[in-house]
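This report refers to the structure that appears directly beneath it.
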Amino acid sequence: MKLQRFDRSYIKDYQETAEGYLTFKDVPITRTGVFPYRRSDGATSYEAKLPEEILSDSTVQSAQSKAVTDEHPSELVTTANHKQLAKGLSHTDARVDGDKLLVSFTVTDRELIEKIRSGKREVSIGFLSDIEQRTGEYNGQRFDAVQKNIEINHIAIVDHGRAGPEIGIRNDSDAWQIENEGGKGIMPVYKIDGKDYEVDSAVKSFLEAQQAKLDAAVLKNKEVDSLQGRLDAQDAQIKAKDVEIAELKEKSLSEDELDAKVQERVALISTVKPLLGDSFDFKGKTDRELKEAVIQSVNPEFKGDSKSDDYINAFYDATVANVQVNGFSSTGAQSAFTGDSAGNQSKEINDMKAQRLNMRK
């Protein structure tokens, strides 16, 4: 008959996925050794996890793809209750490292994730094993029984210092320490400022709990700073977009304004087209460029680069007026217009004027 047992270990580091899940890499969940377990009658039994049992292929395999729970459930995790109890899942990378069994796992439940960030950092495996009652010694420690045919059922995230049968082992990322009872074996060691101090197991548990809370607070502070940085960046982007939208609104035209602009453009093209001819390419030309083209058709040496829009508009209006009045496209000193004092034009000039107008058309 297999009995249910619980082992415990301590975790510190984790990674957050893009979805907000927490992933723990290569967590030591159990190891070889002799450990105390509280029996139902209140007595303590020292049970051995021998290498050929706890590090066997079947035990390692049993650690893979197992449910991660919030505390130990009152029953084994099965397909019947997995949906209610599972808060995550172990990976398929279980392996042996020295005298330890390691596996990675991911927590997906939001409430449990918040508890972990607040300092809930102990991992306790729930497993079944056959208990062979026989005495012996392993690594200098006496045992009363041996755990055999170990099958891991679930990995629980538990509160620190929970009483009951979950007496086991704890990991502080540097070394595993066995919580002994009654002064048996070596006292736990706690490192302070690089020095090892032997302390009572209760004191060590308290110090580890405080360190876990401190680590969680530091990590949460970093997360807050990172989040604030992202919020500031987003706020800056929003403000920049607001400015861009305001500028676009200033540049945008109402329906009436757009209609007026279209009418002005049509009127301009209808005016300049007879003067520039059908071969002129109007595509992509601004109003100013069209007006300058008209001026240059009459005054080829004209340069409007440094002139204001008001100057160009006035020059264009004068040029069009002269062309419409005179019937040809040159006035002033180079004018083709000549006449006597009575204003009579010679036949030659009239012919030139008619010829020029026909060419424009």
Side-chain angles (χ1 to χ4, degrees), residues 1-11 14 17 19-32 35 37-41 45 47-50 52-96 100-116 120-133 145-160 162-171:
M1 175 181 178
K2 288 185 179 291
L3 298 179
Q4 187 169 1
R5 289 289 189 268
F6 303 95
D7 280 353
R8 306 184 70 177
S9 63
Y10 179 77
I11 56 175
Y14 58 78
T17 70
E19 300 82 5
Y21 305 152
L22 299 186
T23 293
F24 302 82
K25 297 291 290 183
D26 294 331
V27 178
I29 57 175
T30 189
R31 54 156 285 185
T32 62
F35 310 102
Y37 289 87
R38 183 90 58 189
R39 296 201 302 259
S40 59
D41 60 2
S45 172
E47 299 177 6
K49 284 185 171 64
L50 302 178
E52 59 269 24
E53 297 294 340
I54 192 61
L55 304 181
S56 67
D57 291 342
S58 60
T59 300
V60 173
Q61 181 67 29
S62 73
Q64 302 189 136
S65 301
K66 290 303 171 70
V68 177
T69 64
D70 186 1
E71 297 292 336
H72 286 291
S74 58
E75 55 188 329
L76 293 175
V77 180
T78 65
T79 56
N81 56 25
H82 188 276
K83 184 176 181 180
Q84 292 75 33
L85 298 179
K87 310 298 181 182
L89 202 67
S90 66
H91 300 183
T92 57
D93 61 351
R95 63 186 178 87
V96 173
K100 306 178 189 70
L101 172 55
L102 281 62
V103 72
S104 303
F105 59 87
T106 296
V107 178
T108 58
D109 180 73
R110 183 176 63 183
E111 292 184 6
L112 181 54
I113 288 172
E114 290 303 318
K115 292 178 183 179
I116 292 172
K120 189 171 187 175
R121 296 294 183 85
E122 282 201 9
V123 174
S124 176
I125 60 170
F127 62 96
L128 298 174
S129 69
D130 295 324
I131 306 300
E132 180 181 321
Q133 299 294 335
V146 175
Q147 295 178 358
K148 301 177 70 66
N149 302 320
I150 300 169
E151 297 176 8
I152 296 174
N153 175 260
H154 62 270
I155 302 173
I157 308 298
V158 298
D159 284 318
H160 191 91
R162 175 180 170 183
E166 298 82 26
I167 301 171
I169 54 180
R170 189 169 283 121
N171 177 29

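When a residue number appears, it is its place in the shown sequence, counting from 1.
- The minimum heavy-atom distance linking Pro73 with His154 is given by the pair CD-NE2, 3.6 Å.
- Looking only at side-chain heavy atoms (C-beta outward), Leu89 and His82 come within less than 4.5 Å of each other.
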**Item:** Working for side chain to side chain contact (heavy atoms under 4.5 Å, CB included), residues Glu53 and Asp130
**Value:** CA-CA 11 Å; Glu53 297 294 340; Asp130 295 324; over 6 Å; no
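- Between Asp93 and Leu102 there is no side-chain heavy-atom pair separated by less than 4.5 Å.
- The two residues Val107 and Ile113 come nearest to each other via the heavy atoms O-CD1, 3.7 Å.
- No donor-acceptor pair under 3.5 Å is formed between the side chain of Thr32 and the backbone N or O of Lys49.
- Side-chain contact between Ile150 and Leu128 is absent, with no heavy atoms from C-beta onward closer than 4.5 Å.
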**Prompt:** Between Ile155 and Val103, is a side chain to side chain contact (heavy atoms under 4.5 Å, CB included) present by the stated rule, with each step listed?
**Reply:** CA-CA 10 Å; Ile155 302 173; Val103 72; 4.0 Å; yes
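- We find that Lys120 and Glu71 are joined by a salt bridge, their nearest charged nitrogen and carboxylate oxygen being less than 4.0 Å apart.
- Side chains of Ile29 and Ile152 form a contact here, defined as non-hydrogen atoms less than 4.5 Å apart.
- The CG atom of Leu22 sits 8.5 Å away from atom OG1 of Thr106, with the distance rounded to the nearest 0.5 Å.
- Crowding of Arg95 atom CZ: a count of heavy atoms from other residues, nucleotides or ligands under 6.0 Å exceeding 12.
- Taking CG from Leu112 and CZ from Arg110, the interatomic distance works out to 12.5 Å, rounded to the nearest 0.5 Å.
- No side-chain donor-acceptor contact under 3.5 Å links Asp109 to the backbone of Thr69.
- In this structure, CG on Asn149 lies 7.0 Å from OG on Ser58, to the nearest 0.5 angstrom.
- In this structure, Asp70 and Lys115 have side chains that are in contact, with non-hydrogen atoms separated by less than 4.5 Å.
- Contact check for Glu19 versus Thr108: no side-chain heavy atoms found under the 4.5 Å cut-off.
- Across all their heavy atoms, Gln64 and Ala94 have their closest contact at OE1-N, 3.3 Å.
- Sparse packing is recorded around CD of Glu111, with 12 or fewer heavy atoms of other residues, nucleotides or ligands lying under 6.0 Å away.
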**Request:** Assess whether side chain to side chain contact (heavy atoms under 4.5 Å, CB included) is satisfied between Thr59 and Thr30, documenting all intermediate values.
**Result:** CA-CA 11 Å; Thr59 300; Thr30 189; 5.9 Å; no
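- Taking all atoms of both residues into account, the shortest heavy-atom contact from Ile54 to Leu101 is O-CD2, 4.3 Å.
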**Message:** Go through it in stages, so that I can follow the logic: the residues are Val77 and Lys66, the test is side chain to side chain contact (heavy atoms under 4.5 Å, CB included), and I'd like the CA-CA distance, side-chain angles, deciding distance and then a yes or no.
**Reply:** CA-CA 9 Å; Val77 180; Lys66 290 303 171 70; over 6 Å; no
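- When each of Phe24, Tyr21, Phe105 is paired with Tyr14, the ring pair (Phe, Tyr, Trp, His ring centres under 6.0 Å) condition holds for Phe24 and for no other.
- Here the shortest heavy-atom pairing between Ala63 and Ser90 reads O-OG, 2.9 Å.
- Looking only at side-chain heavy atoms (C-beta outward), Phe127 and Gln147 come within less than 4.5 Å of each other.
- Nearest heavy atom pair, residue Lys25 against residue Ser104, reads CA-OG, 3.4 Å.
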